[in-house]
Number of protein chains: 2
Amino acid sequence: MSKSVSKAARATSLPSSKLRPQPEAQPPRPAEGLSIAQVAEQAGVSVATVSRVLNGHENVRPATRDKVLAAVDASGYRVNELARNLRTAESRLLLTMVPDVGNPFYAEIVRGIDSVARQHGYFMLLCDTGADPGRERSYFDLLRRRRADGAICLDPATIQQALGEASSALPWVACCEFDPEMGVPYVGIDNYKAAGDAVRHLLSRGHRRIGLINSDVDYLYARQRQQGYLDALTEAGITPDERWRMNLNSLDYEAGASAAALLMQQPHASNAAPSAIFAVSDTLAIGVIHGLRSVGKRVPDDVAVVGFDDISLAAQVDPPLTTIAQPMRELGETAARLLLQRLANPLANVPGVLLPHRLVIRRSA
Amino acid sequence: MSKSVSKAARATSLPSSKLRPQPEAQPPRPAEGLSIAQVAEQAGVSVATVSRVLNGHENVRPATRDKVLAAVDASGYRVNELARNLRTAESRLLLTMVPDVGNPFYAEIVRGIDSVARQHGYFMLLCDTGADPGRERSYFDLLRRRRADGAICLDPATIQQALGEASSALPWVACCEFDPEMGVPYVGIDNYKAAGDAVRHLLSRGHRRIGLINSDVDYLYARQRQQGYLDALTEAGITPDERWRMNLNSLDYEAGASAAALLMQQPHASNAAPSAIFAVSDTLAIGVIHGLRSVGKRVPDDVAVVGFDDISLAAQVDPPLTTIAQPMRELGETAARLLLQRLANPLANVPGVLLPHRLVIRRSA
DNA sequence: GTGAAAGCGCTAACAG
DNA sequence: CTGTTAGCGCTTTCAC
């Protein structure tokens, strides 16, 4: 899912021979305060007619339409959407609330959301909540205050639940992180199964002491993945050791690194330290590899590592990361569609959706 | 201007046991259409008074204020900002246009912007332009249509120039990428000097064949860094070889990886391939390290690598990346402040500002 | 096919 | 201190 190119005027763009070719023609009058009324006057029609052509209504005589259009771009007029929004009672803005914009996993999802939103004439307002309930609530209030028409929430389930109670009627959907019981439309993956897949891969490579570096248990996905991990181990006849598990309140590289170092140095019964680690996000896993290296362990020879998400970076680190791939782009796109659907038909029963994940085997495990 | 809502999500749409438990307590009345008038009535005062307490004006008797406040939260009323915005003629939305939200460098800057925007009562609308002039223009139009009060642009200078000609009067500022000649307020670093610093570091380590993996020349910073690279080499008595230089139209890891592989395999006069590479972004540099490894070169033993930006990941890869640190957070914060300043006083002469960079030496070079 | 007029919900004079 | 009132710029009946 790589970006794209967008060459524009590349290559030929010389240092700056002439920075302003535009000999200062008369651009359509920047026109600060210019209202539909002036355009109407200039075109010799009524405001109603101008409004009609602006909105592409059918019932306007071509000749009239042309007159109006001419007046519009002679004057450089742009509709004032503030007024339009008030009148039509919609802002055409969609909120997206993420715990951390800097996380590449969320970044890709956000792209998916943005792309379908724009496709449908909406803009996306990105909100970095830092997983803070207070900020979350204040952003959510934008819905009630009519600043936004709908919202997509990727924040921890614990936060969502609080939100849901206070406002189950508001138009919002959950993405990646969701509680099916909550009655809010959602899209995500089967975290329990995915975690099991990761662990079973490690098992199949002969590992029996498998560590889990997990995120905050505020996240339902963290609890689900942990359960998947636990059950997979148990099914293989292994009794999970508590000392193999850690919960972090951050997904940063640094957090993963120090957690891994800690995990390996912990007093384990002689050589009973984990021979493999399952980290619930790639950022964590990349940190883990770094942390392992810092305490003299090699990956995958001494310790195998599997991550989660399959961000684009996963293939680039050394060793390339074995991981569970989530369809990030689609997750975002689907969330946006679900929301749009809800907006179009508030009464319809919007379903929950699960998208498929898959195990990507590279060299780290 | 499409508005239909396309199909829902396909894939495994869960059976959806019971999608709407909806305990239906009685929260303060979700109150869809509730206007200031009803609150006024309920409080036994006029709309003007309600408005006054809502906006924290002084001249309201405490008793009256309390009555109003009581009515407000008894009814669960929230102001309709659509109306407020129209009346006050401002949207309190700031646009941020970036070429790629997924790039960790931009992500951190965006955080800086968002933080000071919120601090000042603004929200930030994030726009991923993909460095596409068309999308850029359409986003920019949001300013004219009053959807946003101001904008911060991080897109290529070539695009900015087109924008500037069409609308130098609009309230916007440039960040990281800027043309001082353009008369638009900006914040960034001294790219020429920074690139020189990177190259001089390599020189001091004894390298004389230094490659440059650069981004698209649409970016002024790319041209400036190239010049810094060229001059540093020349000053050291080295004649730069054209075959040491590459321009990429992407900053993705993959792009860096394949460029590096290509650079090393190119037919150089016998063993005249570069012994060091300067990449103009950390993402590129990380890709470069990966690409080098894929053709059997070790870093830094066979080839040294220095990057640019100092994203958090730089310290986590193997080997940790030597790089030029940019004060990303401050860049964003400063850009936001400049814009706010311009908004507060449109006539004031807002200056350009350069922030300091610094060389961070780690193990890759 | 086109125009006149009534608001959308709020803020800000201006009176009292 | 509080209430009345006039719009902000647009869309949308309802007449003609």
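Computed from heavy atoms alone, side chains included, the values below leave out hydrogens, waters and symmetry copies. Labels below follow one simple rule: chain letters A, B, ... track the order of the sequence lines, proteins then strands, and each chain is numbered from 1.
B/F140 pairs by the ring pair (Phe, Tyr, Trp, His ring centres under 6.0 Å) definition with B/W172, not counting sequence neighbours. For the salt bridge (charged side-chain N to carboxylate O under 4.0 Å, His left out) test, no residue two or more places apart in sequence or in another chain qualifies with A/R61. Checked against side chain to side chain contact (heavy atoms under 4.5 Å, CB included), A/N85 has the following partners two or more places apart in sequence or in another chain: A/E81, B/L82, B/R147. When the salt bridge (charged side-chain N to carboxylate O under 4.0 Å, His left out) test is applied to A/D100, the partners found at least two apart in sequence or on another chain are B/R111. Partners of A/D141 by salt bridge (charged side-chain N to carboxylate O under 4.0 Å, His left out), not counting sequence neighbours, listed by chain and number: A/R144, A/R145, B/R78. Applying the salt bridge (charged side-chain N to carboxylate O under 4.0 Å, His left out) criterion to B/R84, with sequence neighbours excluded, gives no partner residue.
The side-chain hydrogen bond (donor to acceptor under 3.5 Å, both in side chains) contacts involving residues 334-349 of chain B comprise nothing, where partners must be two or more places apart or lie in separate chains.
Using a 4.0 Å cut-off on heavy atoms, the residues of residues 53-65 of chain A that approach DNA chain C are A/N59, A/V60, A/R61, A/T64, listed by number. A heavy-atom distance below 4.0 Å to DNA chain C is reached by none of the residues of residues 117-124 of chain B.
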Anything under 3.5 Å between a protein N or O and an N or O of nucleotides 4-9 of chain C, put it in a table, one pair a line.
| unit_1 | atom_1 | unit_2 | atom_2 | d |
| --- | --- | --- | --- | --- |
| C/dG7 | N2 | A/R87 | NH1 | 2.9 |

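On the nucleic acid side, DNA chain D has its first and last nucleotide under 4.0 Å of a heavy atom of chain A at D/dG9 to D/dT12, going 5' to 3'.
Taking five base pairs at each end of the helix from C/dG1-D/dC16 to C/dG16-D/dC1, the local helix axes there meet at an angle of 40°, rounded to 10°.
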